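Everything below concerns the one structure shown next.
The structure presented is a predicted model; accordingly, all values stated were derived computationally and were not measured. Labels below follow one simple rule: chain letters A, B, ... track the order of the sequence lines, proteins then strands, and each chain is numbered from 1. The analysis underlying the following values was restricted to heavy atoms, covering all of them including side chains, and did not include hydrogens, waters or symmetry mates.
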Amino acid sequence: MAVLLPLPLAGAYDYRVPAGCTVCDGQAVRVPLGRRQETGIVWGAGRSGLDPAKIRPLQAVLDHAAPLPEVTRRFVDWVAAYTLSLPGAVLKMVIPVPEALDPPAAQVAWRLSGAEVPGLRQTPARDRVLRTLQTGVPMTTPDLAREAGVSPSVIKGLAEAGLLAEVPFAMDPDLPEPDGDHPGPTLSPVQADAAKELVLALGQGYSATLLEGVTGSGKTEVYFEAIAAALRQGQQVLVLVPEITLTTQWLGRFRRRFGADPAVWHSDLTPARRRRTWRAIADGRARVVVGARSALFLPYQALGLIVVDEEHEVAFKQEEGVIYHARDMAVVRAHLGNIPVVLASATPSLETVANVEAGRYIKVDLPVRHAGATLPTIDLIDIRRFPPEKGDWGQSWLSPPLVTALERTLEAGEQAMLFLNRRGYAPLTLCRTCGHRVQCPQCTAWLVEHRRLGKLQCHHCGHQQPLPKVCPSCGAEDALVACGPGVERVAEEASRRFPQARVELVASDTLAGPQGIAGLLERIERKEVDLLIGTQVLAKGLHFPMLTLVGIVDADLGLSGGDLRAAERTFQVLSQVAGRAGRGERPGRVMVQTFQPDHPVLQAMATGDMRAFREAESEGRRLLRMPPFGRLVAVIVSGETADAVESVARALARQAPQGAGLEVLGPAPAPLALLRGRHRWRLLLKAPREVRVQTVVRQWLGGVACPSAVRIQVDIDPYSFL
DNA sequence: AGCACGCCGACT
DNA sequence: GTCGGCGTGCTC
């Protein structure tokens, strides 16, 4: 019998089933591995080519948990084969909490033992605990501590003294689950039509649908109807979102629609929470799961629908470990599970649009904003014609037209937002005397000044250092100058220009966890913030009716650089940000500062002609046989010694696969030639769509010797070119 | 992933 | 003379 272990091993290992013991596929088993024990999953029959003497017997069957569903197992194999990663590494994503398979720990609650303990010290804290338990209801340690207002150690002390007795406690008390019959809002006719299409697809096997709707068109309400229908059919639903930290508003809407919270899954849940949620998903109690990309791999017992919200977001691409694109793998998962998948976006990716055009996906449109709100007007500001005027605080980044618009908006008592996709104060610190640029010691990247922290930071590896007083290169004093703007710097300018306005800075590193976000959103809703200044985190899904002006500080950022999807991505981000404006009764206005107003991306923004932009972009990719009209595979060679890395990269290039339409670009040092202290070289394989690139790459890499100090990473369908 | 084995530097 | 560094290799 084969057992797949959640470890980076070459494949499943064979074990012997002891006489009198039966196991079935998907069951969790304890097996010996070397001199330790591991938990693995039964993965079909053994391969039997092995020396029988080597095969050891399995130790135990963990049968208190449901076996891993067959779909999940096929999914693991599929993803491993597609991404060229080890199946055990993929299984690790299915079982990210190994304890989840262990027998549930007997949780205990406390009751009064009734014992008399002479000479026991009476303290107010102890009294409160005893009084709390006098109701007779047993309570767990955390609950009791909270209720009595004491720390857990007080309870421990009383238990040791013999005053408290343990009673078994039913763990995982059933939480209220989202209810498909909970009354929902009245949809507009357009929304209702769209929802009907999604609902009809349920239970009809596999289908993939692009739900395309302009920002503010109410896509969420539409796919909520599909979720409701799936719940009524007794199925589980998975909603993948790009960024779980910003789903506060989404969760509120969900709660209102379904009368309860969904299960939430992301990487920084507490271990206990993870374990409970995993089990609830695995045994089908969790009916709706909303999560980041990693939620896709959980072992759903009865998954009936997958929704990928903001389908176009690059955050769905996992760049480390098993490298995969969650949107694409969600479609695969839907296929294997024979269920529908809905991809929702206002600015769908070219990949998805190509799939619609090829007839592989269905398309459902929501062409107008919901509840009579109109789309914002968009003005381009040519920075060359309206350069920002220098203020007494130094350099300035806001052009006169934008400053005027901000003044008017603030005077009218409305809210405004400035967007700049760059954290920190300044992206570069330069010495005026010798021209030295302060670089990260571990990466090929400039250090970004974070003035609030008084530090320089590397955004690639997290390296930090205090802001130097003198130039690290020539020693000149007071010669270091901040170059270019980050959000902090724009916030500084805004505070100077509009001293009466309440300005709030929002970046991924200034958000203090989920509570911080919730508090911020509340302040904005209560209109305690006049001017929001932030990065990408502000772009997604937020809905503020009083926000009428959006200023994009630097629309050109991200257009340069050799990234295949630079234009597409910029267009998506800008549209998304623009979509924050005028979502209520008051019309919105978007002002876009740019040096290249004639660029196709900006023209598309200004005219609103998304179709023309998309077609031009598509045509360009088609001519170059780039995705989605061709396939790419990135091969990244890295290691601590530059020479060893380079020689492996060159060896790979010499052995480059030959064949019809195959092309290998490189080797070349990666744009981030040094990352976390590792030297990096890149090669790029370009292949026609119909080629099985996995076979090609496996043969290619198999023919090149690679010392263990050098690592070769393969990224199928790469998104990042760094 | 862990956990062995193995072969070279600073301590009792 | 040993303790221990982490490089290399294996686990059915």
- Item | Under-4.0 Å side-chain N/O to phosphate OP1/OP2 contact, A/Tyr13 with C/dT11 | no
- Message: Once you apply a heavy-atom cut-off of 4.0 Å, does A/Leu9 come out as touching a base, just sugar-phosphate, or nothing?
- Response: base
- Query: Contact class for A/Pro32 (heavy atom, under 4.0 Å): base, sugar-phosphate, or nothing?
  - Reply: sugar-phosphate
- For DNA chain B, the residues among residues 82-90 of chain A that have a non-hydrogen atom under 4.0 Å from it: none
- Query: Can you tell me if NZ on A/Lys92 sees more than 12 non-hydrogen neighbours from other groups inside 6.0 Å?
  - Reply: no
Is the shortest side-chain N to carboxylate O distance from [X] to [Y] below 4.0 Å?
X        : Y        : result
A/Asp715 : A/Arg682 : no
A/Arg437 : A/Glu449 : no
A/Arg285 : A/Asp283 : yes

Under a plain distance cut-off of 3.5 Å, with no hydrogens placed, do [Y] and [X] share a side-chain donor-acceptor pair?
X        : Y        : value
A/Gln236 : A/Arg287 : no
A/Glu311 : A/Thr352 : yes
A/Ser638 : A/Arg680 : no
A/Ser720 : A/Glu319 : no

- Task: Would you check if the distance from the ring center of A/Phe297 to the ring center of A/Tyr324 is below 6.0 Å?
- Result: yes
Return the value, rounded to whole Å, for the distance between atom [atom1] of [X] and atom [atom2] of [N].
X       : N      : atom1 : atom2 : answer
A/Asp14 : C/dC12 : CG    : P     : 11 Å
A/Gln37 : C/dC12 : CD    : C1'   : 14 Å
A/Leu91 : B/dA1  : CG    : C1'   : 13 Å
A/Gln59 : C/dT11 : CD    : P     : 18 Å
A/Ile55 : C/dT11 : CD1   : C1'   : 14 Å

- Value for CG (A/Leu684) from CG (A/Leu632), rounded to nearest 0.5 Å, stands at 5.0 Å
- Message: Tell me if the side-chain of A/Arg16 makes a donor-acceptor pair with the base of C/dC12, cut-off 3.5 Å, by modelled atom types.
- Response: no
- Note on the structure: When A/Val76, A/Leu91, A/Thr72, A/Val29 are each screened for side chain to side chain contact (heavy atoms under 4.5 Å, CB included) with A/Ile41, the one that passes is A/Leu91
Check nucleotides 4-9 of chain C against the protein and report each pair of N or O atoms closer than 3.5 Å, with its distance, or say if there are none.
| from | atom 1 | to | atom 2 | distance (Å) |
| --- | --- | --- | --- | --- |
| C/dT8 | OP2 | A/Ser708 | OG | 2.9 |

- Message: For a quick check, with a 4.0 angstrom heavy-atom cut-off, what is the B/S/- contact string for nucleotides 2-8 of chain B, read 5' to 3'?
- Response: BSS----
